[in-house]
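Heads up: numbering here begins at 1 and tracks the sequence. What you see is a predicted model, and the numbers here were worked out from it, not measured in a lab.
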Amino acid sequence: MKTIERNPQITVDTQPDSPSAIYRHPRASARLRPLIADVGQRSGEFPDYLANHLPMVLEAMGRLGAAPERLEAYARHYTLAHAVPFPPPAVSSLTDATWRSALGQRDRETDLRDYFADVVSRIGGNEAIRLHLPTLFPGVAASATHGLMRLAYAVLRRDETEIGIALGYWAATYLAFPPPLAGSLTVDDPAELILSMQSEPSFRNIAVSSTLLWRWIEAVGHIPAFQQRLGRLAPTDDLLIRMRQASLALYAGTMSFEALHALTGSHWLRLVSPHLDKPQILAVHFWEVVLSLYTKIGMPDLPSAEMLDAWRKLHVPPDEAIAAAAVASDDEHDHSLVFSALEEYRHTGDPLYRVVAARRVGLIE
């Protein structure tokens, strides 16, 4: 397939009916894997308890067409700007019998990474995910869902080293809600469950002293009315499809930082799901995190079907222009959102993904 270069950081497919015109820069692949291996040695978080996006967004930028020079420059910028540290010193080694005792303990990140590195070396990444991730399902709020993000990108790259690191990171930052109350009525529709929260007074004017997203999630988990909604979403076969649609509508209607994680998280779930026996259970836990974040953005109505259809008809710049704008940005959430949106557009054909991607990087209003 012929390609031409329109921008020093983007390579473009000339086939007019291609679902996306973005391809890797011809020199990027050879540089990307060792670069991610290098930055991946650092901790999953930087001060104070913020998610280190770098190993993931470098992959996103590479797939959006970034040149190796841009990837290297961004890696230097991110590491220095955020003072990304190396993991803490090891405390003590963990085994199959003891690793669960370290869940949620950030000072055990090295021990958990070492444990999962050994697991992956013994049984392989796919089997490590299948056997161990169900224990981590309830704690998907880990580092504001970025444990899931890191695992999804590791799976996307087929990177066994990163799979072990991601599982260790998720385990070290594990954050779970209380167990569901017995006898709760279930609902099939994620959108219905989220909108049902609007009438609850205790979800208004929540005060959380920290600006950290995972601290908000943690605080909402203590509200009795929220606990009553846990375990209510039925793990149906079409749950991820429904979640994807609701997340897209929520983000399109708010363009908020919180809803961004619902959209990108749906993409991450799609990447990880083939490696799980019961991916719907993980999806249920993830949607409960979205419920908690819905309170942070004021619990707005979702856009009407007519409004969503009107947005789908908007003129949007080509994918190459959207990707170029994301690659040029130093905001990791631009890289993450644009890559996930374009990938979900490829998967679903829904043009609204291209609309929100172009809006995110300021190409349309």
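Atom CG in Leu342 sits 6.5 Å away from atom CG in Leu64 (nearest 0.5 Å). The CD1 atom of Ile364 sits 7.5 Å away from atom CD1 of Ile322, with the distance rounded to the nearest 0.5 Å. Atoms CG and CE, on Leu250 and Met243 in that order, are 12.0 Å from each other to the nearest 0.5 Å. For the atom pair Leu193 CG and Leu233 CG, the distance stands at 6.0 Å (nearest 0.5 Å). Put simply, OG on Ser196 and CD on Glu192 are 7.0 Å apart, with the number rounded to the nearest 0.5 Å. Put simply, CG on Leu94 and CZ on Arg100 are 11.5 Å apart, with the number rounded to the nearest 0.5 Å.
Annotation: salt bridge (Lys or Arg N to Asp or Glu O under 4.0 Å) contacts involving residues 309-318, sequence neighbours excluded, comprise Asp309-Arg312, Arg312-Asp350. Listed by first then second residue, pairs satisfying salt bridge (Lys or Arg N to Asp or Glu O under 4.0 Å) with a partner in residues 40-61 read Arg24-Glu59, Glu45-Arg106, Glu59-Arg63, Glu59-Arg157, not counting sequence neighbours. Residue pairs that meet the ring-ring contact (aromatic ring centres under 6.0 Å, His included) test with at least one member in residues 233-253, sequence neighbours left out, do not exist here.
The ring-ring contact (aromatic ring centres under 6.0 Å, His included) check on Phe203 picks up nothing, with sequence neighbours excluded. In terms of the side-chain contact (heavy atoms from CB on, under 4.5 Å) criterion, residue partners of Val120 (sequence neighbours excluded) are, by chain and number, Ala128, Glu160, Ile163.
A donor-acceptor pair under 3.5 Å links the side-chain atoms of Tyr294 to the main chain of Met299, judged by distance alone. Listed for the Thr79 side chain is a donor-acceptor partner under 3.5 Å among the backbone atoms of Ala75. Here the side chain of Ser336 pairs no donor or acceptor atom with the backbone of His333 at under 3.5 angstrom. Put simply, the side chain of Arg244 never gets that close to the backbone of Leu263: no donor and acceptor are under 3.5 Å apart. Thr110 places a side-chain N or O within 3.5 Å of a backbone atom of Pro88 that can act as its donor or acceptor partner.
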List, one per line, each side-chain donor-acceptor pair under 3.5 Å for residues 174-183, sequence neighbours excluded.
none

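A salt bridge between Arg122 and Asp96 is present, with a side-chain N of the basic residue lying under 4.0 Å from a carboxylate O of the acidic one. Between Glu69 and Arg27 a salt bridge is recorded (basic side-chain N to carboxylate O distance below 4.0 Å). Arg232 has no carboxylate O lying under 4.0 Å from a charged side-chain N of Asp189, or vice versa, which leaves the two without a salt bridge.
Of all the heavy atoms in Leu302 and Ala249, the pair that sits closest is CD2-C, 4.5 Å. Ser273 and Leu240 make their closest contact through OG-CD2, 4.1 Å (heavy atoms, listed as atom of the first residue, atom of the second, distance). Minimum heavy-atom separation, Leu363 to Pro317: CB-CG, 3.9 Å.
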Could you check Tyr169 against His146 for ring-ring contact (aromatic ring centres under 6.0 Å, His included), going step by step and ending with a plain yes or no? CA-CA 9 Å; Tyr169 168 41; His146 291 91; 7.9 Å; no
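Ring centroids of Phe226 and His222 are separated by 6.0 Å or more, keeping the two rings apart.
Figure legend: cation-pi geometry between Arg359 and Trp311, with NZ or CZ positioned under 6.0 Å from the six-membered ring centre and within 45° of its axis.
Between Ser266 and Glu344, the side chains place no donor N or O within less than 3.5 Å of an acceptor N or O (distance only, hydrogens not considered).
Classification of the His335-Tyr74 ring pair by plane angle, with boundaries at 30° and 60°, yields perpendicular.
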